[in-house]
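Beneath this line is the structure, given in structure tokens, with notes to follow.
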Amino acid sequence: MLANAVGDSPSQRLTQRVRQQAGAYRVIALNQWDYQWQLNQRDHRRQLISKNAFIKDRYMPPNFIRITDEQLLSDNWYVLKKYSFELQRRDGSWQSQTREVYDRGNGATILLYNLERRTVVLTRQFRMPAFVNGHSGYLIEAAAGLLDNASPEERIRLEAEEETGYVVGSVKKIFDAFMSPGSVTERIHFFIGEYQADDRVGDGGGLEEEGEDIEVLELDFERAIAMVESGEINDGKTIMLLQYLELRLMK
Ligand SMILES: Nc1nc2c(ncn2[C@@H]2O[C@H](COP(=O)(O)OP(=O)(O)O[C@H]3O[C@H](CO)[C@@H](O)[C@H](O)[C@@H]3O)[C@@H](O)[C@H]2O)c(=O)[nH]1
Ligand SMILES: [Mg+2]
């Protein structure tokens, strides 16, 4: 339902309130993460105006963009589209642009750590895109997987066990992040979870039928940090997780 419909549902009341508050602002998006944002027209900074609002009928089309065309370039595995659109610049003028956008869904990742022994569990597997870009392709990474319609927490528990063999107890979501927002839609949900040696119930390794052949590495935390510095670990999500742990827990 468009938010300018007249009515008395919670979302409509919210919308009216937002509009009253709007003044110098334009509402830009009611996104899927339960946050409502508005955009300051003077400096284009986003400002959070409502959290955990109402899920279903709260879409308000932003008025700073007009999508004029959407062309499917490939849906061989995931979906690559070319969007043509007009975007309003900060001086108020409109500019036409095209952008290719690769949509492979969202993902989740987890760093398994043991505080007492100061260790972490990572994986090593072949990544074709890294190979194409001059790497051996064998990247050291935190366990991770695409959501495939599961919730981030549900998916990361399954993925951690599938890839590392560890059953994860409690997990903590620390943040989510766009990892390549210039071209890829994906948003990754980041988790950490403590493990003990006897939480390992299998070998991990991933699904052979999907081409996965994942090596499980248990590393001293200090060694892992040194590998970030030396460039041996150069996967973005893994660096972010290790540095989070260093800042918050492994002092
Ligand atoms: N046949 C085929 N298989 C594919 C293709 N692309 C991916 N796959 C397979 O699809 C499976 C996806 O495995 P997951 O464990 O769910 O995902 P992931 O590849 O580990 O992705 C995780 O790490 C990425 C890199 O950091 C993240 O981008 C992603 O969000 C997720 O966290 C893997 O077996 C992968 O080989 C493709 O084009 N063709
Ligand atoms: Mg994976």
Side-chain angles (χ1 to χ4, degrees), residues 31-33 72-82 100-113 120-168 171-193 195 199-219 224 227-228 231-245:
N31 70 23
Q32 57 192 325
W33 310 106
L72 182 66
L73 300 182
S74 167
D75 61 354
N76 189 52
W77 186 257
Y78 301 113
V79 180
L80 178 65
K81 286 184 180 174
K82 180 176 171 184
E100 291 185 9
V101 176
Y102 190 44
D103 184 350
R104 58 194 300 268
N106 292 320
T109 184
I110 189 165
L111 184 57
L112 300 177
Y113 66 94
V120 290
V121 172
L122 298 174
T123 66
R124 179 157 41 203
Q125 65 184 303
F126 183 75
R127 295 293 195 180
M128 189 64 186
F131 176 75
V132 168
N133 196 17
H135 191 272
S136 72
Y138 279 94
L139 245 56
I140 298 177
E141 300 175 44
L146 298 168
L147 298 186
D148 284 338
N149 298 322
S151 73
E153 183 172 334
E154 203 181 335
R155 171 56 57 201
I156 205 53
R157 288 176 181 286
L158 294 169
E159 210 65 38
E161 186 176 341
E162 204 171 278
E163 295 191 353
T164 69
Y166 283 89
V167 174
V168 188
V171 297
K172 181 180 173 199
K173 164 115 185 253
I174 52 173
F175 43 69
D176 59 71
F178 291 104
M179 301 301 285
S180 196
S183 56
V184 182
T185 61
E186 184 179 49
R187 188 169 195 145
I188 298 191
H189 300 262
F190 285 72
F191 292 86
I192 54 172
Y195 75 96
D199 293 336
R200 192 152 192 206
V201 298
D203 294 335
L207 301 176
E208 193 177 339
E209 62 274 21
E210 283 191 11
E212 289 178 324
D213 180 16
I214 298 173
E215 186 186 347
V216 183
L217 309 173
E218 187 179 37
L219 297 178
M227 288 168 85
V228 171
E232 286 166 272
I233 294 179
N234 58 2
D235 170 59
K237 63 181 181 299
T238 311
I239 295 173
M240 289 163 77
L241 283 166
L242 287 167
Q243 291 185 341
Y244 178 92
L245 207 63

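Just so you know, these numbers use all the heavy atoms, side chains as well, and skip hydrogens, waters and symmetry mates. In this text, all values refer to a predicted model and were calculated from it rather than measured experimentally. Counting convention: from 1, in listed order, for ligands and their atoms alike.
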Backbone or side-chain N/O/S of Ile214 under 2.8 Å of the Mg ion (ligand 2): no
For a distance under 2.8 Å, tell me if Glu163 has an N/O/S atom near the Mg ion (ligand 2). yes
Shortest non-hydrogen contact from Ile140 toward Thr238: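 Here Ile140 and Thr238 meet closest at O-OG1, 3.8 Å.
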Does atom CG (Asp103) have a neighbourhood of more than 12 heavy atoms from anything else shown, all under 6.0 Å?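 Yes, because the 6.0 Å sphere around CG of Asp103 holds more than 12 heavy atoms from other groups.
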More than 12 heavy atoms of other residues, nucleotides or ligands under 6.0 Å from OH of Tyr78: yes or no? yes
What is the closest protein heavy atom to [atom], and at what distance does it sit?
atom	result
atom 13 (O) of ligand 1	Glu212 OE2, 3.4 Å
atom 32 (O) of ligand 1	Ala144 CB, 3.1 Å
atom 14 (P) of ligand 1	Gly145 CA, 3.7 Å
atom 12 (C) of ligand 1	Leu146 CD1, 4.2 Å
atom 19 (O) of ligand 1	Arg127 NH1, 2.8 Å
atom 11 (C) of ligand 1	Glu210 OE1, 3.5 Å
atom 7 (C) of ligand 1	Trp77 NE1, 3.6 Å
atom 30 (O) of ligand 1	Glu186 OE2, 2.2 Å

Should the pair Tyr244 and Phe175 be assigned to parallel (<30°), tilted (30 to 60°) or perpendicular (>60°) ring geometry? perpendicular
If I take atom CZ from residue Phe191 and atom CG from residue Asp176, how far apart are they, to the nearest 0.5 angstrom?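 Here the interatomic distance stands at 9.0 Å.
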Would you compute the distance between atom CZ of Arg155 and atom CG of Asn149 and round it to the nearest 0.5 angstrom?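 If we round to the nearest 0.5 Å, Arg155:CZ and Asn149:CG are 8.5 Å apart.
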Assess Gly236 for proximity to ligand 1: is some non-hydrogen atom of it under 4.0 Å away? no
Distance under 4.0 Å to a non-hydrogen atom of Arg104: what atoms of ligand 1 satisfy this?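 Result: 27 (C), 28 (O), 29 (C).
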Which atoms from ligand 1 have a heavy atom of Gly107 less than 4.0 Å away? 30 (O)
Does the distance from a Lys or Arg side-chain N to an Asp or Glu carboxylate O, for [X] and [Y], drop under 4.0 Å?
X	Y	answer
Arg157	Glu161	no
Glu141	Lys237	yes
Glu100	Lys82	no

Judging by distance only, is a nitrogen or oxygen of [X] under 3.5 angstrom from one on ligand 1?
X	answer
Gln125	no
Glu159	yes
Ile188	no
Lys237	yes

Of the options Leu112, Val171, Val120, Leu111, which is the one that meets Ile192 in a side-chain contact (heavy atoms from CB on, under 4.5 Å)?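 For Ile192, the side-chain contact (heavy atoms from CB on, under 4.5 Å) check succeeds only for Leu111.
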side-chain contact (heavy atoms from CB on, under 4.5 Å) partner of His189, the single match among Ile174, Thr109, Leu147, Ile156: Leu147
Where on Met179 is there a heavy atom closer than 4.0 Å to ligand 1, on the side chain, on the backbone, on both, or on neither?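 Neither part.
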